[in-house]
S.K.: 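Handing you a structure now.
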Amino acid sequence: MEHAHDPVLPFVEALLAREDITPTAFGRLAIGDPRLVPDLRNGRELRRLTRERVFSFITNFASSPCCPTRAKRAAKEPAHV
């Protein structure tokens, strides 16, 4: 039997595919729960406030200075002298 998935899961999966971050690291950074992504994949449904925290994390992740993709892009760009 297939589990129903929380509406946040496709957004989480998209971020994981796009960024250099593991599911465990994502869960720890987003809400302090390293089992978040595996649990979501297995049908865990989040409470509204937790889902909002995850969406907020996803929204702010790409604009963060520690964003892995941003760091990779910066490393590839030539230094301006």
Side-chain angles (χ1 to χ4, degrees):
M1 182 169 119
E2 187 152 335
H3 299 283
H5 294 289
D6 192 277
V8 76
L9 184 59
F11 297 95
V12 171
E13 295 288 7
L15 184 125
L16 294 177
R18 186 178 69 240
E19 305 294 342
D20 187 21
I21 184 171
T22 65
T24 301
F26 176 86
R28 278 195 183 113
L29 292 169
I31 64 167
D33 180 0
R35 294 280 318 153
L36 173 67
V37 176
D39 288 350
L40 286 171
R41 289 172 176 165
N42 286 321
R44 175 178 171 185
E45 190 169 333
L46 301 178
R47 293 179 181 171
R48 182 182 54 83
L49 292 176
T50 304
R51 186 177 302 113
E52 288 174 4
R53 285 177 57 200
V54 172
F55 273 125
S56 177
F57 177 82
I58 291 168
T59 301
N60 295 315
F61 184 81
S63 63
S64 169
C66 69
C67 173
T69 300
R70 175 179 270 184
K72 283 181 186 176
R73 269 188 253 127
K76 289 180 183 177
E77 293 175 2
H80 297 285
V81 180

S.K.: Under the side chain to side chain contact (heavy atoms under 4.5 Å, CB included) rule, what do Leu46 and Glu52 come out as? Steps first, then yes or no, please.
M.R.: CA-CA 9 Å; Leu46 301 178; Glu52 288 174 4; over 6 Å; no

S.K.: Grab the two heavy atoms, one from His5 and one from Gly43, that are nearest each other, plus how far apart they are.
M.R.: ND1-N, 4.2 Å

S.K.: What residues, two or more places apart in sequence or in another chain, satisfy salt bridge (charged side-chain N to carboxylate O under 4.0 Å, His left out) together with Arg53?
M.R.: none

S.K.: Report the distance from atom CG of Leu36 to atom CG of Leu9, rounding to the nearest 0.5 Å.
M.R.: 9.0 Å

S.K.: Is a donor on one side and an acceptor on the other found under 3.5 Å between the side chain of Asp6 and the backbone of Leu40?
M.R.: no

S.K.: Please name all residues satisfying side-chain hydrogen bond (donor to acceptor under 3.5 Å, both in side chains) with Glu45, sequence neighbours left out, ordered by chain then number.
M.R.: none

S.K.: Would you check if Ile21 and Leu16 make a side-chain contact, meaning some heavy-atom pair closer than 4.5 Å?
M.R.: yes

S.K.: Minimum heavy-atom separation for Pro7 to Pro10, with atom names?
M.R.: O-CD, 3.3 Å

S.K.: What about Phe61 and Phe26, are their ring centers closer than 6.0 Å?
M.R.: no

S.K.: Once rounded to the nearest 0.5 Å, what's the spacing between atom CD1 of Ile58 and atom CZ of Arg18?
M.R.: 8.5 Å

S.K.: So, do Thr59 and Phe11 sit near enough that their side-chain heavy atoms are less than 4.5 Å apart?
M.R.: no

S.K.: About how many Å separate OG1 of Thr50 and CG of Asp33, when rounded to the nearest 0.5 Å?
M.R.: 9.5 Å

